[in-house]
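Because the structure is a prediction, the values reported are computed rather than measured. Order of listing sets the numbers, starting from 1, for every ligand and every atom in it. Numbers here are sequence positions counted from 1. For the numbers below, each heavy atom of this structure counts, side chains included, while hydrogens, waters and symmetry mates do not.
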Amino acid sequence: MEIIEKAPAKINLGLDVLYKRDDGYHELEMIMASVDLSDRLILTAIPTDDIIIKTDNGFLPVDRKNNIYQAIDIMKKTYGFTQGVEVNLKKNLPVAAGLGGGSSDAAAAFRGVNRLFNLGATLEEMAKLSVPIGTDIPYCLYGQTALVTGVGDRVTPLSHPMPQCWIVLVKPKISVSTPRVFSKIQVDSLSHPNIKAIYHAIENQDYQEMIQHLGNSLESYTMEVFPIVKYVKNKMLEFGADAAVMSGSGPTVLALCKKRSRAVHVANALKGFCDEVYLVRTLNR
Ligand SMILES: C[C@@](CO)(OP(=O)(O)O)[C@H](O)COP(=O)(O)OP(=O)(O)OC[C@H]1O[C@@H](n2ccc(N)nc2=O)[C@H](O)[C@@H]1O
Ligand SMILES: Nc1ncnc2c1ncn2[C@@H]1O[C@H](COP(=O)(O)OP(=O)(O)O)[C@@H](O)[C@H]1O
């Protein structure tokens with residue numbers, strides 16, 4: 001039997017870093033959503049007690065350094081199934097992009113193993129198990145527009161998905177290390193977006209109000225170190241995006257457009273500057 005799971009990219013419409021916690025992590029307040037650009041995992045039970053990962057992306061680790069491996073391993077240790085698992089990973093998401101590619105793959109592995117062996121694990125149980133692997137995984141397990149707080153472990157789905165729109169994702173040809181960004185920021189010097197305003201705009205399904213408040217505390221650091229990220233954001237606005245904001249720790253910048261024709265125009269214009277340009281839709285959930 002094989003199980004197919006999609007691993008959609010996550011975006012941060014709002015990301016506020018509140019303070020550094022005693023455990024060394026940062027307290028965050030975020031509004032996150034998912035888009036229709038996904039990795040695909042095919043999970044198959046195997047008789048030997050192994051976790052085997054095969055992927056079309058030759059740059060990814062396929063051992064316990066892969067988030068998928070860690071997710072399956074912790075589920076095996078927690079729920080005690082004896083069979084092994086083979087995972088075929090079709091990698092469509094850019095790596096180290098700020099789109100939660102590894103985290104979403106891990107979330108898909110949690111869901112897939114749960115289904116493959118009928119473990120009966122709840123979302124809450126899997127989210128709790130997932131935090132040591134990656135603080136973005138709890139959101140990816142829920143996969144719907146949500147207020148996310150704590151280190152990323154407290155997920156509160158909103159009663160409405162973010163208003164439908166077209167999104168242009170542009171990933172400059174650089175990789176940004178999330179741990180490095182968090183180790184370098186000075187919380188006192190960060191900007192702080194109004195997360196509550198984004199939250200209420202989405203609850204009111206008010207696209208025009210929502211786009212007024214998008215923001216990301218981590219932009220200032222990533223843009224200072226990688227000016228190309230600021231350049232991409234400015235070009236998106238210059239070519240007519242309704243709004244633009246960096247996703248996560250970057251380097252991907254996302255542009256929101258209500259009209260498809262405008263999104264196509266922005267995407268085509270940005271292809272003149274970056275290779276990795278994706279025209280996507282919000283997942284309506
Ligand atoms: C910044 C965000 C925003 O959605 O996404 P990305 O940019 O990674 O996509 C996330 O908070 C990232 O989630 P994730 O990529 O899973 O990070 P993790 O591997 O858990 O953490 C990497 C390192 O970042 C720092 N970290 C992470 C989360 C947090 N709330 N405070 C932190 O200080 C810690 O040093 C941690 O060791
Ligand atoms: N299944 C996976 N997909 C992508 N990256 C992975 C995966 N497993 C482990 N990694 C590692 O995680 C790091 C980037 O994770 P990723 O989630 O793509 O970044 P981001 O959270 O910024 O989107 C890379 O160093 C990559 O080697």
Side-chain angles (χ1 to χ4, degrees), residues 5 7-35 37-41 51 53-73 87-110 112 127 130-141 146-155 169 171 174-185 187 190 195 216-219 221-222 229 245-254 276:
E5 278 284 343
K10 63 84 184 167
I11 57 172
N12 304 79
L13 295 170
L15 191 163
D16 189 11
V17 180
L18 303 181
Y19 56 84
K20 188 162 185 176
R21 299 157 43 120
D22 295 342
D23 63 9
Y25 278 69
H26 290 78
E27 187 75 17
L28 304 177
E29 193 174 48
M30 304 184 283
I31 300 290
M32 297 174 75
S34 298
V35 295
L37 176 67
S38 302
D39 286 345
R40 184 177 65 243
L41 283 70
I51 299 172
I53 298 172
K54 295 177 180 173
T55 177
D56 58 342
N57 180 313
F59 300 101
L60 281 183
V62 288
D63 58 9
R64 61 175 57 251
K65 291 192 191 72
N66 194 301
N67 296 347
I68 294 170
Y69 186 106
Q70 295 171 33
I72 296 171
D73 193 39
V87 180
N88 275 281
L89 168 63
K90 176 72 178 76
K91 196 72 195 168
N92 298 313
L93 301 185
V95 176
L99 296 174
S103 303
S104 197
D105 287 352
F110 273 105
S130 73
V131 177
I133 302 172
T135 50
D136 255 351
I137 302 172
Y139 166 76
C140 294
L141 276 163
L147 169 67
V148 182
T149 55
V151 296
D153 59 322
R154 293 210 301 271
V155 180
L169 300 174
K171 184 204 175 278
I174 51 175
S175 286
V176 173
S177 157
T178 301
R180 180 172 177 75
V181 172
F182 276 110
S183 70
K184 292 290 186 184
I185 57 171
V187 177
L190 298 178
I195 301 299
N216 180 343
S217 295
L218 300 177
E219 269 192 0
Y221 174 78
T222 301
V229 177
V245 64
M246 185 178 80
S247 186
S249 53
T252 298
V253 186
L254 58 112
E276 293 197 77

Residue and atom name of the nearest protein heavy atom (relative to atom 26 (N) of ligand 1), distance in Å to one decimal: F182 CD1, 3.4 Å
R180 atom CZ, neighbour heavy-atom count above 12 within 6.0 Å: no
State the NZ-CG distance between K20 and D23, to the nearest 0.5 angstrom. 9.5 Å
Could you tell me whether some N/O pair between G98 and ligand 2 is separated by less than 3.5 angstrom? yes
Do S247 and V253 have side chains that get closer than 4.5 Å, going by heavy atoms? no
Closest protein heavy atom (residue, atom, distance) for atom 27 (O) of ligand 2: P61 CD, 3.8 Å
Would you mind running through ligand 1 and noting each atom that sits below 4.0 Å from a heavy atom of N12? 3 (C), 4 (O)
Could you tell me if the side chain of L99 sits less than 4.5 Å from the side chain of P94, heavy atoms only? yes
For atom 5 (O) of ligand 1, the protein heavy atom that lies nearest, with its residue and separation: D136 OD2, 2.9 Å
Residue portion contacting ligand 2 (non-hydrogen atoms closer than 4.0 Å) for V176: neither
Give the residue, atom name and distance (to 0.1 Å) of the protein heavy atom nearest atom 11 (O) of ligand 1. L28 CD1, 3.6 Å
Look at the side chain of N216 and the backbone N and O of M246, then say whether any donor-acceptor pair between them is shorter than 3.5 Å. yes
Do NZ/NE/NH1/NH2 and the carboxylate oxygens of E27 and R154 come within less than 4.0 Å? yes
To the nearest 0.5 Å, tell me how far L93 CG sits from K171 NZ. 12.0 Å
Lys/Arg N to Asp/Glu carboxylate O, D39 vs K91, below 4.0 Å: yes
Any nitrogen or oxygen of D136, side chain or backbone, less than 3.5 Å from one on ligand 2? no
Assess whether side-chain contact (heavy atoms from CB on, under 4.5 Å) is satisfied between I53 and I72, documenting all intermediate values. CA-CA 11 Å; I53 298 172; I72 296 171; 5.8 Å; no
For ligand 2, which atoms, with element, lie under 4.0 Å from some heavy atom of L99? 23 (O)
Given D153, V131, T135, which one has a non-hydrogen atom that is nearest to atom 28 (C) of ligand 1? T135
Is atom 11 (C) of ligand 2 touching the protein, meaning some protein heavy atom lies under 4.0 Å away? no
Nearest to atom 35 (O) of ligand 1 by heavy atom, G98, P179, S130: which? P179
Would you mind running through ligand 1 and noting each atom that sits below 4.0 Å from a heavy atom of S103? 16 (O)
Among all protein non-hydrogen atoms, which one is nearest to atom 37 (O) of ligand 1, and what is the separation to 0.1 Å? Y25 OH, 3.7 Å
Please identify which of these residues, V17, I11, L13, meets the side chain to side chain contact (heavy atoms under 4.5 Å, CB included) condition with L15. V17
Ligand 2 N/O within reach of L89 N/O, cut-off under 3.5 Å: no
Looking only at protein heavy atoms, which one is nearest to atom 13 (C) of ligand 2, and how far off is it? V95 CG1, 4.7 Å
Under 3.5 Å, N or O to N or O, is T178 touching ligand 1 that way? yes
Nearest neighbour in protein (non-hydrogen) for atom 16 (P) of ligand 2: G102 N, 3.5 Å
Does any part of the side chain of I133, heavy atoms only, come nearer than 4.5 Å to the side chain of F110, both counted from C-beta? yes
Start with the C-alpha distance between V151 and H26, add both sets of side-chain angles, then the distance that settles side-chain contact (heavy atoms from CB on, under 4.5 Å), and finish with yes or no. CA-CA 6 Å; V151 296; H26 290 78; over 6 Å; no
Residue, atom and distance of the protein heavy atom nearest atom 23 (O) of ligand 2 read G100 N, 2.7 Å
Does a side chain donor of either N88 or K90 reach within less than 3.5 Å of an acceptor in the other side chain? no
Note the single closest protein heavy atom to atom 3 (N) of ligand 2, along with its residue, its atom name and the distance in Å. K91 NZ, 2.8 Å
Under a 4.0 angstrom heavy-atom cut-off, which atoms of ligand 1 come close to L15? 3 (C)
Just to verify, which of V62, T55, N57 counts as forming a side chain to side chain contact (heavy atoms under 4.5 Å, CB included) with L89? T55
Examine the proximity of ligand 2 to K65 and report which part, side chain or backbone, both or neither, has a heavy atom under 4.0 Å away. backbone
Quick test: of every protein heavy atom, which one is nearest to atom 18 (O) of ligand 2, and how far off is it to 0.1 Å? A96 N, 2.9 Å
Do E29 and L147 come close enough that some side-chain heavy atom pair is under 4.5 Å? yes
Between G250 and ligand 2, is there a nitrogen or oxygen pair with a distance under 3.5 Å? no
Verify the distance criterion only: is there a donor paired with an acceptor across the side chains of S103 and Y139 at less than 3.5 Å? no
By number and element, which atoms of ligand 2 are closer than 4.0 Å to a non-hydrogen atom of S103? 17 (O)
protein heavy-atom neighbour closest to atom 6 (C) of ligand 2 works out as L60 CD2, 3.8 Å
Here the pair of heavy atoms bringing A7 nearest to L41 is CB-CD1, 4.2 Å
Distance to 0.1 Å, residue and atom name: give those for the protein heavy atom nearest to atom 1 (N) of ligand 2. D105 OD2, 2.9 Å
Out of R21, M32, H26, K10, who gets a non-hydrogen atom closest to atom 30 (N) of ligand 1? H26
Just to confirm my output: which protein heavy-atom neighbour is closest to atom 19 (O) of ligand 1, and how far is it? G134 CA, 4.3 Å
Do any N/O atoms on N67 end up under 3.5 angstrom from N/O atoms on ligand 2? yes
